[in-house]
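Take a look at the structure set out below.
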Amino acid sequence: MNEQAPRGVSVELVKVGRSFGPAIALDDVDLMVPAGSYCCLLGPSGCGKTTTLRIVAGHESVSSGDVLFGARNVTDLPPRARGTALMFQSYALFPHLSVLDNVAFALKMRGVGKQERWARARELLGVVAMQEYEARMPAQLSGGQQQRVALARALITEPQVLLLDEPLSALDPFLRVRMRAELRRLQRRIGITFIHVTHSQEEAMALADLVVVMNQGRIEQAGPPREVFNRPRTAFVAGFIGGHNVIPWQGGSIAVRGDRLRLAKGGEGLAATVAALEYQGSFILVTATLADGTELTAQIPDDSFDAAPLAPGDAVSVGWEPEAAHALQ
């Protein structure tokens, strides 16, 4: 991409609502995505994350509220006038066009001459390390290669905001890890704003500057990945992010990471019964049940487990250091 490519803009949603008849998809959502940042919208199916992405893109209208790109109100602008590009989960490559022509297609629609659009397409294929495949057809590419082509095609219009809808979900686990590293590297290189929808907390933690956890059309928590993971604000976030236990405590509830729980036969703490064990390589995942039925999971390092092994049915005490727990709203 040329050195004068536009940088990203901030994206702000102000009291954005979206209803489909009586069903509320988004409920007064406020969100600020800083310019040039990588934002992941995270949550279960039906939480509103894809509706949010489509509203930012301009493919979905709002029922209330405003969408701002920098100081510009784009709420009523069509997609082409917003300066966004959308990369679909399916990649949506044209099967009858070569890699080069797929990437150049948007410029062809804008009336750009063949040599100029091919030159810019080759430049972007170089950015995503696909220049040697320019003559191939999509059916001749692997899933990861198709994703790179789709990414180059999305970038050729030099958007200020790139929107990605579950772009890694179709890839195998090994390739998914590789491609998310490439996405992050590319985002840092070109400096535009990325907004990425995912249901994978691991993916969001690996990629994002800003993680936005959504539930039932609302934002439960937004912040840097380490903050959201280490200090989930609500029981939903603690449960969805994973690795946390929500424990009834002194009339409320607290969150404690599974790797901070201590399990021991005897001793002081909450009484529990070991329900299941799973070997995870470097640690043993122990599931224990409190008397009230609350299920807890603890990650016990393999050497610690070997020194004091547990078995299903064992009575144990559950404890943690005071600083390992924090109250939930």
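Residue numbers start at 1 and run along the sequence shown. The analysis underlying the following values was restricted to heavy atoms, covering all of them including side chains, and did not include hydrogens, waters or symmetry mates.
E116 contributes no side-chain N or O that, together with a main-chain N or O of G113, makes up a donor-acceptor pair within less than 3.5 Å. With hydrogens and angles disregarded, a donor-acceptor distance shorter than 3.5 Å links the side chain of T193 to the backbone of V9. Put simply, the side chain of R117 gets close to the backbone of V112: a donor and an acceptor are under 3.5 Å apart. Panel note: side chain N230, backbone E227; no donor-acceptor pair is recorded below 3.5 Å. Side chain of R148 to main chain of M130: no donor-acceptor pair is present (N/O by atom type, distance under 3.5 Å, no hydrogens or angles). In this structure, D209 contributes its side chain and Y38 its backbone to a donor-acceptor pair below 3.5 Å. At distances below 3.5 Å, at least one donor-acceptor pair connects side-chain atoms of R82 with backbone N or O atoms of L77. A donor-acceptor pair is defined here as one N or O able to donate and one able to accept, closer than 3.5 Å; no such pair exists between the side chain of D259 and the backbone of Q299. The main-chain N or O of F94 is found under 3.5 Å from a side-chain atom of N102 such that the two form a donor-acceptor pair. Listed for the K49 side chain is a donor-acceptor partner under 3.5 Å among the backbone atoms of P44.
Side-chain contact between V318 and R262 is absent, with no heavy-atom pair separated by less than 4.5 Å. Proximity of V127 to R189: side-chain heavy atoms (C-beta onward) are separated by under 4.5 Å at one or more points. Within the 4.5 Å cutoff, the side chain of V56 has heavy atoms near those of the L163 side chain. In this structure the side chain of M137 never reaches within 4.5 angstrom of the side chain of L97, judged on heavy atoms. At least one side-chain heavy atom of P312 sits under 4.5 Å from a side-chain heavy atom of L277. Taking 4.5 Å as the limit, every side-chain heavy atom of L296 sits out of range of all side-chain heavy atoms of T289. For the pair P167 and Q147, the minimum side-chain heavy-atom distance is below 4.5 Å. Residues V16 and D66 have side chains not in contact (no heavy-atom distance under 4.5 Å, counting atoms from C-beta outward).
Checked against ring pair (Phe, Tyr, Trp, His ring centres under 6.0 Å), W118 has no partners two or more places apart in sequence or in another chain.
Residue pairs meeting the ring pair (Phe, Tyr, Trp, His ring centres under 6.0 Å) criterion with at least one member in residues 205-238, sequence neighbours excluded: F229-H244, F236-F240.
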What verdict does the salt bridge (Lys or Arg N to Asp or Glu O under 4.0 Å) test give for E323 and R260, after you've listed the backbone C-alpha separation in whole Å, the side-chain angles of each residue and the deciding distance to 0.1 Å?
CA-CA 10 Å; E323 63 273 12; R260 304 291 173 86; over 6 Å; no

Under the side chain to side chain contact (heavy atoms under 4.5 Å, CB included) rule, what do L151 and L162 come out as? Steps first, then yes or no, please.
CA-CA 9 Å; L151 187 58; L162 179 63; 3.6 Å; yes

Could you go through D28 and K15, starting from their C-alpha distance and side-chain angles, then the distance that decides it, and tell me whether this counts as salt bridge (Lys or Arg N to Asp or Glu O under 4.0 Å)?
CA-CA 4 Å; D28 277 351; K15 300 296 181 188; 5.5 Å; no

Let's go through L183 and L207 carefully: what are the C-alpha distance in whole Å and the side-chain angles of both, what is the deciding distance for side chain to side chain contact (heavy atoms under 4.5 Å, CB included) to 0.1 Å, and is it a yes or a no?
CA-CA 8 Å; L183 274 178; L207 285 167; 4.2 Å; yes

Applying side chain to side chain contact (heavy atoms under 4.5 Å, CB included) to L263 and V286, what does each step give before you reach the verdict?
CA-CA 9 Å; L263 301 185; V286 181; 3.5 Å; yes

Might you work through the side chain to side chain contact (heavy atoms under 4.5 Å, CB included) test for E134 and D101, ending with a clear yes or no?
CA-CA 8 Å; E134 68 170 50; D101 283 329; over 6 Å; no

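When every heavy atom of A85 is checked against every heavy atom of T157, the shortest pair comes out as CB-OG1, 4.4 Å. Here the closest non-hydrogen pair linking Q221 and V228 is NE2-CA, 3.8 Å. A pairwise comparison of heavy atoms in T294 and V246 identifies CG2-O, 3.8 Å as the closest pair. Here the closest heavy-atom approach between residue Q146 and residue L141 is recorded as NE2-O, 3.3 Å. Residues S63 and S19 come closest through the heavy atom pair OG-N, 3.0 Å. The shortest heavy-atom contact between V11 and V161 is CG2-CG2, 3.8 Å.
With a 6.0 Å radius and a threshold of 12 heavy atoms from other residues, nucleotides or ligands, Y279 has its OH atom at or below the threshold. The number of heavy atoms from other shown groups lying within 6.0 Å of CZ (R122) is above 12. Within 6.0 Å of CZ on R226 lie no more than 12 heavy atoms contributed by other residues, nucleotides or ligands. When the shell of 6.0 Å around CD of Q216 is examined, it contains 12 or fewer heavy atoms from other residues, nucleotides or ligands.
L270 and L328 end up in different hydrophobic clusters when Ile, Leu, Val, Met, Phe, Trp and Tyr side chains are linked at under 4.5 Å. Using a 4.5 Å cut-off between side-chain heavy atoms of Ile, Leu, Val, Met, Phe, Trp and Tyr, with links allowed through other members, V33 and V211 fall into different hydrophobic clusters. If you chain together hydrophobic residues whose side chains sit under 4.5 Å apart, V29 and V213 never meet in one group. Linking ILVMFWY residues whenever their side-chain heavy atoms come closer than 4.5 Å, directly or via other members, places M179 and M87 in the same cluster. Tracing side-chain contacts under 4.5 Å through hydrophobic residues (I, L, V, M, F, W, Y), one never reaches V14 starting from F69; they form parts of separate clusters.
Judged by the 6.0 Å and 45° rule, R188 forms no cation-pi pair with F194. No cation-pi contact links R176 to F174, judged by a cut-off of 6.0 Å to the six-membered ring centre and 45° from its axis.
With rounding to the nearest 0.5 Å, the separation of CZ in R153 from CG in L100 is 13.0 Å. Expressed to the nearest 0.5 Å, how far CG of L261 lies from OG1 of T297 amounts to 7.5 Å. To the nearest 0.5 Å, atom CD1 of residue I219 and atom CG of residue L31 are 4.5 Å apart. Expressed to the nearest 0.5 Å, how far CG of L42 lies from CG of L210 amounts to 11.0 Å. If you take CD on E60 and CZ on R18, they are separated by 4.5 Å, rounding to the nearest 0.5 Å. Atom SG in C47 sits 8.0 Å away from atom CG in L41 (nearest 0.5 Å).
Side chains of R184 and Q187: a donor on one and an acceptor on the other come within 3.5 Å. Between the side chains of N245 and R257, no donor-acceptor pair of N or O atoms lies under 3.5 Å. At a cut-off of 3.5 Å, with distance as the only test, a side-chain donor of E278 or Q280 sits close to an acceptor on the other residue. Residues T198 and E203 bring a donor and an acceptor atom of their side chains to less than 3.5 Å of each other. If you check the side chains of Q329 and T234, you find no donor sitting under 3.5 Å from an acceptor.
With salt bridges taken as basic N to acidic carboxylate O contacts below 4.0 Å, none links E12 and R72.
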